[in-house]
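Just so you know, ligand 1 is whichever comes first in the structure, and atom 1 is the first atom listed for that ligand. Along the sequence shown, residues are numbered consecutively beginning with 1.
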Amino acid sequence: MTKKIEAIVREEKLADVKDALRQAGIVGMNVTEVRGHGRQGGIILAGRSGSTQVDLLPKVQFNIVLSDHNVEKTVEVIRQAAFTGQSGDGLIFVLPVDDVIRISTGERGHDAITYEGDIDTLPQSNGRTRVVT
Ligand SMILES: Nc1ncnc2c1ncn2[C@@H]1O[C@H](COP(=O)(O)OP(=O)(O)OP(=O)(O)O)[C@@H](O)[C@H]1O
Ligand SMILES: [Mg+2]
């Protein structure tokens with residue numbers, strides 16, 4: 001089963017989250033710039049000529065398509081890297097993905113998002129230590 005993680009984080013956390021994902025073995029991903037607001041509805045900027053409501057705040061969105069069994073780990077990696085504990089830290093959405101097609105080869109599904117060294121390529125851990133010789 002393939003899932004998509006859409007993680008909306010603070011702009012200044014872009015490098016931290018990217019590095020943490022890389023370290024966790026996430027190879028395939030993309031990032032988009034988004035603007036939006038959560039439950040506070042934006043922020044109010046106080047200026048000399050009164051205050052203005054800025055209701056669409058810039059954020060960065062990480063898009064990662066990956067196998068089901070790597071979702072929880074990846075969510076934790078993102079949370080840790082994006083966390084400040086303050087309001088506005090962001091949100092992580094997890095969505096089902098019906099199919100993936102690699103254009104150059106026609107590979108589909110899991111095969112299409114398999115990269116050298118990616119956690120999706122590594123054998124699924126069964127909780128026991130495996131001795132590789
Ligand atoms: N329901 C939603 N659907 C899509 N995007 C959303 C939704 N809610 C928030 N967002 C996006 O997620 C970003 C994160 O918002 P934010 O961190 O302020 O969340 P929050 O729910 O208000 O929690 P917090 O209390 O931490 O501020 C928003 O700036 C917006 O881009
Ligand atoms: Mg908020």
CD/E12: more than 12 non-hydrogen atoms of other groups inside 6.0 Å: yes

E6 and K4: CA distance, side-chain angles, deciding distance, salt bridge (charged side-chain N to carboxylate O under 4.0 Å, His left out) verdict: CA-CA 6 Å; E6 294 182 355; K4 181 184 183 190; 3.0 Å; yes

Remaining members of hydrophobic cluster (4.5 Å side-chain criterion), F83: none

Polar side chain donor-acceptor pair, T105 to E107, under 3.5 angstrom: yes

Within the protein, residues bringing a heavy atom under 4.0 Å of ligand 1, chain by chain: I8, G36, H37, G38, R39, Q40, K59, S87, G88, D89, G90, L91, F93

Heteroatom test (N, O or S) for S87 near the Mg ion (ligand 2), limit 2.8 Å: no

Co-members of the apolar cluster containing I43 [side chain, <4.5 Å]: L45, V54, L57

Connected-component partners of F93 among ILVMFWY, side-chain separation under 4.5 Å: I8, V34, L91, L95

